[in-house]
Amino acid sequence: VSAALEGLSLAARRHDELMIFLDAVAVKKSHDVWRRLRTLRSLDRVSLMPDLESRREPALRSDLFIRPEASSEHRSVLLDAMAAGMCVLSAKDPVVEALQHERTCYVCQEPTALGWERAVLHALEEPQRARALGTGAQKWIRDSQSVSSQAAALIDAYERLTAKGATAAA
């Protein structure tokens, strides 16, 4: 998280309009965030978003959705951001199949301050590319996360379980 915050602060030097909205729950878990932001002189650019999971609409109206850690903790918010066509910047996370570099999002290949700065500047200074990533994310959500595809996957899982002679515990 620290590298992403520093990268955002570096990018903000070239983009005065950049505001940073942080998930209050994530900030509460990471005690050094405020100290780091103070050191980076970025406190004036930061606002907390309380209860991001249940009040996600403001986040979905932002220009970028940044997922600085490999964690599926906010998976539904990530999928909502992708469904909304947002440009997603993320840390590498091989567990989350939605994160497909240059198809559905931009995966920060180098999780350093400079790597995150490049990722943010890439999105801000190449808006057509950022829009293309958002469109790719929407298409992926539409094609692979529809209710019918989820139901089909569940039916397939049940069929595989019952075909193997699995029995339910009574």
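Just so you know, these numbers use all the heavy atoms, side chains as well, and skip hydrogens, waters and symmetry mates.
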Can you name the residues that form a side-chain hydrogen bond (donor to acceptor under 3.5 Å, both in side chains) with R45, not counting sequence neighbours? none
Non-neighbouring partners of Q138 that pass side-chain hydrogen bond (donor to acceptor under 3.5 Å, both in side chains), sequence neighbours left out: none
With sequence neighbours left out, write down each residue that passes side-chain hydrogen bond (donor to acceptor under 3.5 Å, both in side chains) with S47, or none if nothing qualifies. none
dist F65:CZ -> S90:OG (nearest 0.5 Å) comes out at 9.0 Å
Set of residues satisfying side-chain contact (heavy atoms from CB on, under 4.5 Å) with respect to A84, sequence neighbours excluded: M86
Please name the pair of heavy atoms, one in L79 and one in A98, separated by the smallest distance, quoted to 0.1 Å. CD2-CB, 4.1 Å
What are the two closest heavy atoms between V107 and H101, and how far apart are they? N-ND1, 3.0 Å
Please name all residues satisfying ring pair (Phe, Tyr, Trp, His ring centres under 6.0 Å) with H15, sequence neighbours left out, ordered by chain then number. none
Flag the pair P50 / R55 as yes when at least one side-chain heavy-atom distance between them is below 4.5 Å, and no otherwise. yes
Connected hydrophobic set around L114, excluding itself, where side chains approach under 4.5 Å: L10
Going by the rule side-chain contact (heavy atoms from CB on, under 4.5 Å), which residues pair with R41 if we only count those two or more places apart in sequence or in a different chain? none
Which ILVMFWY residues can you reach from L43 by hopping between side chains whose heavy atoms are under 4.5 Å apart? V1, L5, L8, L18, I20, L22, V27, V33, W34, L37, L40, V46, L48, L64, I66, L89, Y106, W116, V120, L124, L133
Can you name the closest pair of heavy atoms from A130 and A123 and give their distance? CB-O, 3.6 Å
By side-chain contact (heavy atoms from CB on, under 4.5 Å), R131 pairs with (sequence neighbours left out) P127, Q128
Can you check whether V96 reaches R67 side chain to side chain, under 4.5 Å on heavy atoms? yes
Report, one line per pair, each donor and acceptor closer than 3.5 Å where one atom sits in a side chain of residues 56-63; sequence neighbours left out.
unit_1 : atom_1 : unit_2 : atom_2 : d
R56    : NE     : E53    : O      : 3.0
R56    : NH1    : S76    : O      : 3.4
R56    : NH1    : D80    : OD2    : 2.4
R56    : NH2    : E53    : O      : 2.6
R56    : NH2    : E53    : OE1    : 3.0
R56    : NH2    : S76    : OG     : 3.2
S62    : OG     : A59    : O      : 3.3

Measure the spacing between CZ of R36 and OG of S9 and express it to the nearest 0.5 Å. 8.0 Å
Determine the minimum heavy-atom distance between V88 and A81, stating which atoms define it. CG2-CB, 4.4 Å
Quick check for you: to the nearest 0.5 Å, what is the distance between H122 atom NE2 and C87 atom SG? 7.0 Å
Calculate, to the nearest 0.5 Å, the distance between atoms CD and NZ belonging to E110 and K92 respectively. 9.5 Å
Using the rule given for side-chain contact (heavy atoms from CB on, under 4.5 Å), can you reason through R129 versus E102, listing the C-alpha separation, both sets of side-chain angles and the distance that settles it, and then say yes or no? CA-CA 9 Å; R129 209 162 167 189; E102 294 289 350; 3.3 Å; yes
Rounded to the nearest 0.5 Å, how far does CG of D51 lie from CG of D23? 8.5 Å
Excluding sequence neighbours, so at least two apart, what forms side-chain hydrogen bond (donor to acceptor under 3.5 Å, both in side chains) with E117? none
Qualifying salt bridge (charged side-chain N to carboxylate O under 4.0 Å, His left out) pairs with a residue from residues 82-91, counting only residues at least two apart or across chains: none
